[in-house]
There are 4 protein chains.
Amino acid sequence: MSTLNKVTLIGYLGRDPETRSTANGDAVAHFTLATTETWKDKATGEKREATEWHRVVLYRKLAEIAGQYLKKGSLVYVEGRLQTRKWTGKDDVERYVVEIIADDLRMLGGRNSHAEDAPEHKPEAEQSSAITRKSARPQPAEFEFEDDAIPF
Amino acid sequence: MSTLNKVTLIGYLGRDPETRSTANGDAVAHFTLATTETWKDKATGEKREATEWHRVVLYRKLAEIAGQYLKKGSLVYVEGRLQTRKWTGKDDVERYVVEIIADDLRMLGGRNSHAEDAPEHKPEAEQSSAITRKSARPQPAEFEFEDDAIPF
Amino acid sequence: MSTLNKVTLIGYLGRDPETRSTANGDAVAHFTLATTETWKDKATGEKREATEWHRVVLYRKLAEIAGQYLKKGSLVYVEGRLQTRKWTGKDDVERYVVEIIADDLRMLGGRNSHAEDAPEHKPEAEQSSAITRKSARPQPAEFEFEDDAIPF
Amino acid sequence: MSTLNKVTLIGYLGRDPETRSTANGDAVAHFTLATTETWKDKATGEKREATEWHRVVLYRKLAEIAGQYLKKGSLVYVEGRLQTRKWTGKDDVERYVVEIIADDLRMLGGRNSHAEDAPEHKPEAEQSSAITRKSARPQPAEFEFEDDAIPF
DNA sequence: TTTT
DNA sequence: TTTT
């Protein structure tokens with residue numbers, strides 16, 4: 001019986017992505033993503049907000065895209081899975097960090113939201129996220145919309 | 001700027017899947033999936049429910065899995081995208097049908113929910129959905145941070 | 001045993017929303033949303049794309065927000081459920097239309113993406129989508145664990 | 001411009017839920033949820049798996065449902081948002097824990113998956129999750145399926 | 001550390 | 001009918 005572990009975020013990069021390589025040569029990128037919730041306080045009626053920071057990790061193709069086209073302040077859609085990683089600090093205390101291992105990435109902001117060297121008309125991210133899922137992609141049906149007969 | 005077209009369903013198969021092949025030899029499977037919403041009528045206080053039927057289409061590996069392990073009444077998780085297809089009936093009237101082109105499939109029911117020849121402990125679907133996304137899957141243990149106190 | 005019927009879209013409005021009222025006075029808004037997939041043709045290596053049009057329906061508060069702040073070309077995030085509706089055309093032929101009944105709506109575009117009369121700093125949509133889910137929203141700071149080392 | 005912070009899980013409860021009350025009398029429930037990913041090791045060809053544990057927190061109505069109907073081993077669908085909470089252990093070391101604050105909960109397992117006192121045919125969870133979203137729920141269209149004319 |  |  002299958003399980004599911006999925007995270008979907010739309011948020012802003014807190015800093016430029018950091019890109020490295022793994023031991024076997026794969027690219028890895030990291031960034032933190034801010035999401036902000038706003039609500040009205042029931043008691044005081046005041047508007048309040050809380051920002052949550054998410055640690056996003058990307059590998060290979062997605063890491064390259066992040067390194068090339070994303071920067072501090074970029075607005076992105078990220079889909080991935082939660083993964084907890086154990087690490088030990090200098091103080092020898094064990095800690096856990098929860099990361100989102102991305103498997104989809106889409107740029108959402110306007111021109112000023114991605115890096116200057118981004119391609120004019122077709123960001124590679126679009127292309128690449130399609131590639132990511134290509135194995136499951138069927139030949140799309142040819143389709144034309146004729147709206148007349150349709151009630152709205 | 002990217003767009004997103006995603007459907008997520010948990011429901012029951014209305015009939016056994018139908019499996020065919022495309023012109024180029026790829027497997028294709030179809031089934032309809034029922035989801036049911038229940039709510040309490042505000043006026044009368046009575047419990048009401050409505051069932052929605054979804055047309056799911058699967059290609060290649062996912063089609064094979066559906067054909068082998070799913071049957072009428074199976075409970076499944078399906079993820080995919082919406083696609084409208086035009087067709088013309090015997091009456092020469094053009095119609096449109098909306099289908100969910102699946103890119104992930106997970107079996108959720110108990111033993112009696114999948115076909116008798118399904119493997120005892122590890123349904124191939126699990127395996128296969130992992131395969132589907134394998135290109136984006138990093139080796140979880142192979143990467144270690146080398147940062148200081150706070151690893152990002 | 002529960003089922004799930006969920007759609008998640010990020011796309012562009014094809015036209016300004018149409019707003020009406022139901023018989024009992026609730027606001028209803030409709031718009032169509034375009035999502036575009038791009039991929040590289042395996043055979044020819046050419047870039048191809050297909051646009052899918054989704055019919056989105058919003059009620060009450062979300063309908064008011066759509067009517068006030070969205071317009072042709074707006075980029076939005078929509079979450080909702082699929083619902084098939086039967087209708088009979090002038091030709092007396094029965095047809096089915098699949099709609100997305102929205103239960104969350106978020107504006108994603110820049111300044112030029114929403115209507116001119118939109119509030120400068122706090123679009124009501126943000127506020128409203130928070131309101132929509134308010135019943136489920138806990139007060140984040142008010143709860144503290146009293147466990148030992150590992151809080152669960 | 002809105003952001004999004006969403007988690008979707010299907011998994012098994014590691015233990016019975018723990019239920020308490022907040023200072024203001026609201027019910028709170030906690031449980032941990034296991035999701036398991038399986039994949040084939042590229043190098044050795046062996047099947048491998050990794051289990052991830054998620055800390056789920058539920059308030060009010062959802063907390064009551066969890067307390068009443070869920071137990072160790074229950075299979076559930078959970079939707080919510082990520083929230084990081086800071087806490088200080090007995091060793092005076094500050095730590096962070098990431099929790100999923102649930103806003104939807106659906107039972108997925110068979111009879112043996114939920115507590116014995118669960119209602120026979122209509123688990124309250126279904127009802128309640130409908131209630132949660134009731135404000136956004138329109139009157140469902142009457143709809144009947146006539147499959148003959150439809151091409152699959 | 002982001003953004004509106 | 002949108003957008004890049």
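A note on names: the letters A, B, ... follow the listed sequences, proteins ahead of strands, and every chain is numbered from 1.
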Minimum-distance nucleotide to [X] side chain [options: [options]]:
{"X": "Thr36(A)", "options": "dT3(F), dT1(F), dT2(E)", "answer": "dT2(E)"}
{"X": "Trp53(A)", "options": "dT3(F), dT4(E), dT1(E)", "answer": "dT1(E)"}
{"X": "Lys72(C)", "options": "dT4(F), dT2(E), dT1(F)", "answer": "dT1(F)"}

Next item on the list: Just jot down the side chain to side chain contact (heavy atoms under 4.5 Å, CB included) partners of Thr44(C), sequence neighbours excluded, or say none.
Entry: Asp41(C), Glu46(C)
Item checked: side chain to side chain contact (heavy atoms under 4.5 Å, CB included) partners for Val28(C), two or more places apart -> Thr22(C), His30(C), Val57(C), Tyr59(C)
Notebook entry, point to check: salt bridge (Lys or Arg N to Asp or Glu O under 4.0 Å) with Lys90(C): which residues, sequence neighbours excluded?
Noted result: none
Note to self: Both atom distances under 3.5 Å, Watson-Crick or G-U wobble: I'd like the secondary structure of DNA chain F as a dot-bracket string, with | for pairs made across strands.
What the structure shows: ....
Item checked: Within-4.5 Å side-chain heavy-atom neighbours: Ile100(A) and Leu9(A) -> yes
Next item on the list: Assess whether one donor atom and one acceptor atom, taken from the side chain of Thr32(A) and the base of dT1(E), lie less than 3.5 Å apart.
Entry: yes
Notebook entry, point to check: With Asp92(D), which residues qualify under side-chain hydrogen bond (donor to acceptor under 3.5 Å, both in side chains), at least two apart?
Noted result: none
Check: Looking at residues at least two apart in the chain, or sitting in another chain, which of them share a side-chain hydrogen bond (donor to acceptor under 3.5 Å, both in side chains) with Thr35(A)?
Finding: His54(A)
Next item on the list: Would you classify Thr51(A) as touching base, sugar-phosphate or nothing, given that sugar-phosphate means primed atoms plus P, OP1 and OP2, and contacts are heavy atoms under 4.0 Å?
Entry: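 The answer is base, as Thr51(A) lies within the cut-off (heavy atoms under 4.0 Å) of a base atom.
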